[in-house]
Every structure is written in C-alpha cells, then in structure tokens.
Number of protein chains: 2
Amino acid sequence: MRIVVALGGNALLRRGEAMTSENQRENVRIAAVELAKVAPGNELVIAHGNGPQVGLLALQGAAHNPDNPFPLDVLGAETEGMIGYMIEQELGNLLPFEVPFATILTQVEVDANDPAFKDPTKPIGPVYSKAEAEKLAKEKGWAIKPDGDKFRRVVASPRPKRIFELRPIKWLLEHGTIVICAGGGGIPTVYDANRKLKGIEAVIDKDLCTALLAQDLDADLLVIATDVDAAYIDWGKPTQKAIARAHPDAIEALGFAAGSMGPKVQAACEFARATGKTAAIGSLAGIEAIAKGKGGTLISTAKPGIDYR
Amino acid sequence: MRIVVALGGNALLRRGEAMTSENQRENVRIAAVELAKVAPGNELVIAHGNGPQVGLLALQGAAHNPDNPFPLDVLGAETEGMIGYMIEQELGNLLPFEVPFATILTQVEVDANDPAFKDPTKPIGPVYSKAEAEKLAKEKGWAIKPDGDKFRRVVASPRPKRIFELRPIKWLLEHGTIVICAGGGGIPTVYDANRKLKGIEAVIDKDLCTALLAQDLDADLLVIATDVDAAYIDWGKPTQKAIARAHPDAIEALGFAAGSMGPKVQAACEFARATGKTAAIGSLAGIEAIAKGKGGTLISTAKPGIDYR
C-alpha cells in the first residue's frame, strides 16, 4: 500500500514547549516509533508541518539583524532541511540499514492572485499575550489573530496548485525509498511576469498540500496525523462522539472550525473525492490501526452518511 | 558525461558582503548561469559549501536564545535546505521546465575518533578582528584561528567516510534528474554505542566529501569550483604560472597551503587516483571550457608531471 502521512508541525514542537533542538528531536523520535510500524511492506511518504519552526527561524533572524529578515520561502526551505533531517535520522535508526531514505526539498506553485493573500490566516511561531502580540504587530507590520486565549502571527495561506518535485518523489518510491517531502506544505512559489519561478511570503497549509501530493502520487491511503485519535462531534461536551467513518458530503455538513479540524477535514475530503480512496484523520499513535482500516476517522466516497464509534 | 561540481560556500555568500538572503540569491543566480551551460547533454550533480551560512545561522540562534544553541548538524541541515532551494530554483529558471530537479538532504558518516576532533581547523561564519574573536572565544568556548589578517571561529573537520543517501542520488541521476546534494560537505554523523546514528559538532570539508561522492557515483569529471581560474604556482608573485594539467604526485609535491588551495588539491588528487578519471580545479565561469578539457587545472593519473599554461 502506498501511504502518505501528514505530520503536524505542532506535533514536532509542542505548544508551550521550549523551542530547542532537543525538544524537537525528542518529539520526532516519538513520531518515528509510530511511523516505523507502518513502514514494512508499504511505500511510505512523510510530509510535515513547520509552523512553530518557521516562526522560530524568523525570530532568530530578527534577533540577529532586524533590518534584513530572510523571506518566508527561504525560512521554509531551512525548516524542510532541519525537520527532514531529524525524521530521516530517527526513523532510519528504527528500520533496517538497507531501507533507503530521501528527504526532498519541495517547491509548490501557488496563485499570486489567490484571495488568501488579502486575508492572512495561517498562524506561525510562538503564542503571545494580547498585549505582546499587538506590540509586535505594530513594530513589525505583522498580521495577528487570536489562537485559543493567546495570539499568534498569521500569514497568507494560499492553495497549493502544483508540486514541482513530483517525478523524483515517484521515482524514489518505485525504488522502495521512504520519502520525506512537502515540508511545511512545500515552499510557496509563483511565476513572475517573465515566467521565472520565485518564492512568495506565505505558508501553504500542509494538509491541503499533502492531499494534493497523495492524489498526484496515486496513494492508497492519506493519513492526516494530529493530536486527537479521530474527528469528533460535540468536541469537549458530554455528548462528544468520535467519527469512525464518513462520506465527504456528510462530514463537511458538520462544519468543523477553520482554525483546527476544518482544514484537515477539507484536505481529507478533497483526496477522497478526487481518488475514491480513503483519507484518515487520527493520532500518530493509531497509525497502525488506521492502516488496517480500524482506527481514526476514515473518509471515503464508498458509502454515504456517517458512522460513530 | 556524469559531472559532479563542488561550489564554494564563499562563492554563494562572498567575503565582506552582507549576509542577506538577497545577496546569497544574487550569487546563486550568477553561479546558475554557468552551471546551465554544462547541464544539456550531461548528468549533473551539484554539491556546495556552507561555511558562511552555517555561521550566520549559529549567530541568529545565539542572538535569539544564547542558552540553547542548535547543534551544527541541525544548522547544517538547515543550510542544505536554504542553499539547495536557491540553486534548484535559479538553475531551474534557466533550463527547460521538463528537466527534473531534486535537492537531497545528505548525511555523512565520520569517525568519532577522527584526529580532527582534537584540532579544529574549519572556519565558519563571519570574520572578526583579533580582539572581537578573542572575546567571543572566551564567552562561547569557541576555537578561533587567523584567516588572512582577520580571525574566524573554527570547528573540527573530520574526513567523510560514507554518504548515506547515495542510492537515491544514483537512481535520480539515472532518470536524468539534476541533483543538488552533499551541501556543506554533508551533515556530519556518527554511530553511537547502540548503533544509532546521531549528529556531531563538526563541518566536513565539502571538497573531500564531493570527491567521495564523485567517486561513489562513478563520475566522469569532478569540478572543484573556486574563485580563481586554476591552481597556480608562485601565486601573487611575478613568476606565478597557472597549472594546466598535473599528475596527483606532481601537484601534491608542490605543497599547497592547508587553508586555501590545499584541500581542493587533496580532494582532486583523491578522486583522480581512485578512479583514473579527471578532477578539475577552476572558476565556475570556466566550467564550460573545463568540461571540454580546455580550462582550469586538470588532475589525472593519465600522464606524469605538470604542464603550465
């Protein structure tokens, strides 16, 4: 089975945790233990978020030289190297030496006229108090938005249109390589007036990009890994129920929140509709069960309606 | 012809130039124009240095949080993403859309007992006055060494033993992909007592790593690109002469300086001896002529002695 997994950037650097190299590596190590369970006998592609990491790099650059910030596309490229390295090394340590690995830098085309550029929504970097966030927004020209009871910097999150390194990724999969790619939703790029590709200040939603990747790779299963074991209705209420299986039409009708489960549901539905295959939302700890069709929230067009667990 | 090119880290961010993203990109653009000339009809692998870049990332991290520096292996992974991205995008803009590209994160095994760890020699980051450098050495526990009339931080530069991502790189070349890899000489790693791979604080010489890469890939030509058009005897004197062609034994006997041309000559000689093929040292602007055997300093075992230009 060809499995494409999307790892959350927050799963790699947990909210509230100090943004150290050691903490990131420890979280990657935990993720690798789960990923190693589905590697044997399957083709595995691992994509990942980079929200906290790209925010950290932006802060590091600003602390050193506030007048010459590195643009988000370049910071995104740095995080693909950093996170890809940790995943490749830690997962590699759990699998036989013979298993080939490749971390592939991934550029993704977006539309310069995407409406997202007029309404930044993607949180990056650490959380701040309201007062801190408003001060930074004024000083640095950031857009900020509430995130729970805190605030974060937000940037535009345009839709991914095309993944440039698709052919190399396919060729490597055909050779049995575990491929780590599309980090942070891929590096956002656009063609300029002279048909030259260039980076653009944005962060592509990693779930939408991974769904596009899974679709283009003819994946059998897309797994969107998050910190809960499934999508729930009435989340946090006494009536909460886990969704075991849903048709895209049925789960979309529930109206999940844009800031949390919404983009994951959207990405899963897009993959399920485009391919007729299954997309799953669940915890990484449940990935083995998900791959067997026995865990997470499984979304496919095979059957209408919703089943709860 | 399968050509492996090593680009100098200083060629990507010139000495004395402000370490901005724009300056790096401009230099990459200049390099890409030359690389584009040898891409058609050849298999092309591009390796690159990262000395200035890894030093900059270390300074950025220290400015933001001096108590939790990211280790050099992680910073090296970041630079592979950043520099690889710029090379892939700028070279891609000069070649037909159909040419596939892949930037591959590269881990390299070194020996934890390599004597280099007892005598750090590899300069990274910006140049400092003697007083500044001595202050930083005291504050941060750095090793420092003179570099021209200035000083720089130096770290251990162990020999590369094994390139882990060799098979994916080969497979991609067989599909006509231009591969960017082994950035910064690869990420230095060692096996610990439990046979787990982990990063280590070091920077591998990018010329030696590229020579090993070229050897393992059965390259027809290794090009070590630098800021002079050839290796010279009596450099800077009225008697200076460019070396057009040399046997490894003959050029090694000249005793080039460890800090500048020495490692390039050593890397070229290692490749030439191991393979019987040609290694060239020259400027990127001369790469077209070098590929035709008409420029740079060409080193091979085919003929004894030295010819001057």
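We name chains A, B, ... by the order of the sequence lines, and we start the count at 1 in each one.
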Trainee: With side chains defined as the heavy atoms from C-beta onward, is the minimum distance between E22(B) and F70(A) less than 4.5 Å?
Mentor: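 No - every pair of side-chain heavy atoms lies 4.5 Å or more apart.
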Trainee: Of all of A77(B), A63(B), G61(B), which one pairs up most often with chain A through heavy atoms under 4.5 Å apart?
Mentor: A77(B)
Trainee: Given a strict heavy-atom distance threshold of 4.5 Å, which part of Q107(A) is in contact with chain B: side chain, backbone, both, or neither?
Mentor: side chain
Trainee: Under the side-chain contact (heavy atoms from CB on, under 4.5 Å) criterion, do I104(B) and I104(A) qualify, and how do the steps go?
Mentor: CA-CA 5 Å; I104(B) 303 279; I104(A) 302 280; 3.3 Å; yes
Trainee: Tell me, out of E80(B), E174(B), E98(B), who's got the most heavy-atom pairs with chain A below 4.5 Å.
Mentor: E98(B)
Trainee: Just verifying a value: how many Å separate T79(A) OG1 and E78(B) CD, rounded to the nearest 0.5 Å?
Mentor: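 Reported value, rounded in 0.5 Å steps: 8.5 Å.
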Trainee: Could you give the distance from CG (L56(B)) to NE2 (H64(A)), rounded to the nearest 0.5 Å?
Mentor: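 These two atoms lie 5.0 Å from each other.
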Trainee: Say whether, by atom type as modelled, one donor and one acceptor occur between the side chain of N93(A) and the main chain of L197(B) under 3.5 angstrom.
Mentor: yes
Trainee: Between T177(A) and chain B, with a heavy-atom cut-off of 4.5 Å, which part of the residue counts as in contact: side chain, backbone, both or neither?
Mentor: side chain
Trainee: Please identify, among T189(A), I180(A), I187(A), the residue contributing the most non-hydrogen atom pairs under 4.5 Å to chain B.
Mentor: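 Counting heavy-atom pairs under 4.5 Å, the top option is I187(A).
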Trainee: Report which part of D73(A) has an atom under 4.5 Å of a heavy atom belonging to chain B: side chain, backbone, both, or neither.
Mentor: both
Trainee: Report the distance from atom CG of N65(A) to atom OG1 of T20(B), rounding to the nearest 0.5 Å.
Mentor: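 Here the rounded value is 9.0 Å.
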Trainee: Please look at T106(A) and chain B and tell me whether the side chain, the backbone, both or neither of the residue comes under 4.5 angstrom of a heavy atom of that chain.
Mentor: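 Neither; nothing under 4.5 Å.
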Trainee: Does atom NZ of K198(A) have more than 12 heavy-atom neighbours, drawn from other residues, nucleotides or ligands, at distances under 6.0 Å?
Mentor: no
Trainee: Could you tell me which non-hydrogen atom of G199(B) sits nearest to which non-hydrogen atom of Y85(A), and how far apart they are?
Mentor: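 Scanning both residues completely, I find the closest heavy atoms to be CA-OH, 3.3 Å.
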Trainee: Below 4.5 Å from any heavy atom of chain B, which atoms of E90(A) appear? Answer side chain, backbone, both or neither.
Mentor: neither
Trainee: Please work out which of the three classes, parallel, tilted or perpendicular, describes the rings of W171(B) and H175(A), given edges at 30° and 60°.
Mentor: parallel
Trainee: Taking all atoms of both residues into account, what is the closest heavy-atom pair of V74(A) and R25(B), and its distance?
Mentor: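 That closest heavy-atom pairing would be CG2-NH2, 4.5 Å.
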Trainee: Side-chain contact test, heavy atoms from C-beta onward, threshold under 4.5 Å: evaluate it for K196(A) versus Q89(B) and give yes or no.
Mentor: no
Trainee: So which residue, G92(B), G81(B), G76(B), A102(B), ends up with the most heavy-atom pairs under 4.5 Å with chain A?
Mentor: G81(B)
Trainee: Mind ranking R167(A), M86(A), Q24(A) by heavy-atom pairs under 4.5 Å with chain B and telling me who comes out on top?
Mentor: R167(A)
Trainee: Please classify the contact between Y191(A) and chain B as side chain, backbone, both or neither, with a heavy-atom cut-off of under 4.5 Å.
Mentor: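 Side chain only.
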Trainee: With rounding to the nearest 0.5 Å, note down the distance linking OG1 in T103(B) to CD in E165(A).
Mentor: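 T103(B) atom OG1 to E165(A) atom CD measures 7.0 Å (nearest 0.5 Å).
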Trainee: Please say whether more than 12 non-hydrogen atoms of neighbouring residues, nucleotides or ligands are located less than 6.0 Å from NZ in K135(B).
Mentor: no
